[in-house]
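Note that ligands are numbered from 1 as they come in the structure, with each ligand's atoms numbered from 1 the same way. Quick caveat: nothing in here was measured; it's all calculated off a predicted structure.
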Amino acid sequence: MRLVDTHCHLDFPDYKDDLGEVLERAASAGVVRFVVPGTDIAGSERAVALAKQHRPVFAAVGIHPHEADRVDKAGISRLRDIALKSDKVVAIGEIGLDYYRGYSKPENQKRLFRDCLRVADEFDLPVILHNRDAGEDFLSILKELMPPASRGVVHCFSADAALVGELLSLGMHVSFAGNITFEKAARLRDLIKHVPPERLLLETDSPFIAPVPFRGKRNEPAYIGRLLDVHAGIYGLTAEDIARITTHNANQLFRLGIEEKPAVAYPIRDSLYLNITNRCTNRCTFCTRQYSNYVKGHALKLDAEPTTEEVMEAMGEISGYAEVVFCGYGEPTLRLEVIKRVASFVKEKGGRVRLVTNGEGSLISGRDITAEFKGIIDRVSVSLNAPDEAGYARISRPVFGERAYKAILDFIAGCKARGIEVEVTCLDMLGEEGVAGCRRIAEELGVGFRLRRMDIVG
Ligand code: SF4
């Protein structure tokens with residue numbers, strides 16, 4: 001398991017006597033990268049120095065809103081100099097507004113926040129943001145100054161769902177600290193539901209807010225694993241899924257140099273997915289491949305299509321999985337022989353096999369292939385995408401043109417006739433009428449139906 005602590009103040013005096021041991025304990029707990037944010041000029045310099053000394057440590061440079069009354073133009077210029085000093089400066093932060101403590105005047109906080117956002121823009125760096133009780137001003141300054149392709153994270157989030165929605169629409173990530181483990185933090189845990197895992201980061205905010213059972217003690221990055229189960233429970237994913245997804249998110253946001261190799265076999269929850277091709281006979285308007293090479297933190301853009309032997313090797317031991325799934329980062333039936341050989345192997349081992357497909361396999365192979373699945377495929381999920389031929393052609397843009405839709409319906413009927421459990425899926429973006437039409441078709445064909453949310457992949 002690889003984890004990233006995206007917010008830990010390792011430059012604070014709390015670690016002056018045992019930083020080496022703190023880093024070692026974190027490495028043993030799986031933490032592979034640390035982002036240390038500066039909270040003032042001296043702290044930013046310390047963060048850069050730490051990043052120079054320790055390979056897994058990266059720095060953010062920033063000035064906390066508490067300092068706003070004491071910062072002038074020279075301070076901002078000094079911040080620029082520090083940001084220029086090292087290629088391990090990966091963000092501008094911690095910056096923002098804090099009206100809760102009120103250590104600096106709101107007007108000065110807003111001025112400082114604007115100045116720091118301009119520095120982030122100049123350096124094309126993401127931002128690490130702090131907001132406490134300043135939601136309206138905070139959002140209005142972000143809207144005023146964040147460039148369209150803005151990047152950043154609001155750390156230790158504790159505001160409300162409305163602000164989460166606004167931040168997500170601005171392209172921001174969100175992270176929660178150790179207080180999500182506190183018994184009375186139901187409101188905070190409820191907020192997590194509003195953040196898709198693809199926009200979530202992990203942080204400890206060390207030395208503050210140690211999670212249960214360390215509450216009240218000095219926090220440290222090794223405790224970050226305590227947050228995994230809370231997130232996993234909320235999203236219906238595993239702790240490993242949360243670790244992988246958040247590490248990928250942090251790596252993309254801060255460019256932390258963590259190697260992410262394309263996966264041929266990849267676990268999500270208790271299923272093992274197989275990525276056997278990136279080719280497809282459709283060009284669906286909503287296809288995730290157009291904007292991302294990743295699903296739930298797995299890199300899925302293949303360098304080359306794997307052979308059957310390579311697929312089997314990548315699968316490893318399969319007895320712990322509820323099912324093996326040929327999945328759709330590409331159309332699996334383009335590689336029918338690989339499916340048949342691997343599926344037979346899984347069945348021999350007593351496993352269950354599911355095929356996720358666009359249903360065009362018989363057109364691809366030029367014959368009815370459903371008979372070939374008998375006994376080796378337990379379940380088929382077919383993405384119907386539209387309730388009629390014209391809608392399908394418009395949304396999925398199949399290379400087979402108008403022939404595709406009828407062939408898909410025949411494929412569904414064929415699988416059902418071979419005793420395979422079939423489920424038709426469609427996306428909520430179709431609207432009420434479109435969804436009702438797809439559901440009706442599933443009923444007429446006597447197969448299952450599942451509505452999928454547009455923004456959830458994997
Ligand atoms: S069928 Fe699946 S993989 Fe192919 S374009 Fe559509 S969404 Fe993408």
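Taking the six-membered ring for Trp and thresholds of 30 and 60 degrees, Tyr273 and Tyr266 have nearly parallel ring planes, at less than 30 degrees apart. Below 30°, between 30° and 60°, or above 60°: for His9 and His7 the angle between ring planes is above 60°, a perpendicular geometry.
By the criterion of a heavy-atom distance under 4.0 Å, the side chain of Arg289, and not its backbone, is placed next to ligand 1.
Residue side and main chain included, Cys280 places an N/O/S atom under 2.8 Å of atom 4 (Fe) of ligand 1.
Ser362 and Arg367 share no donor-acceptor pair across their side chains, judged by distance under 3.5 Å alone.
At a 4.0 Å cut-off, at least one heavy atom of Gly330 sits close enough to ligand 1 to count as contact.
No donor-acceptor distance shorter than 3.5 angstrom exists from the side chain of Arg289 to the backbone of Arg283, with no hydrogens or angles considered.
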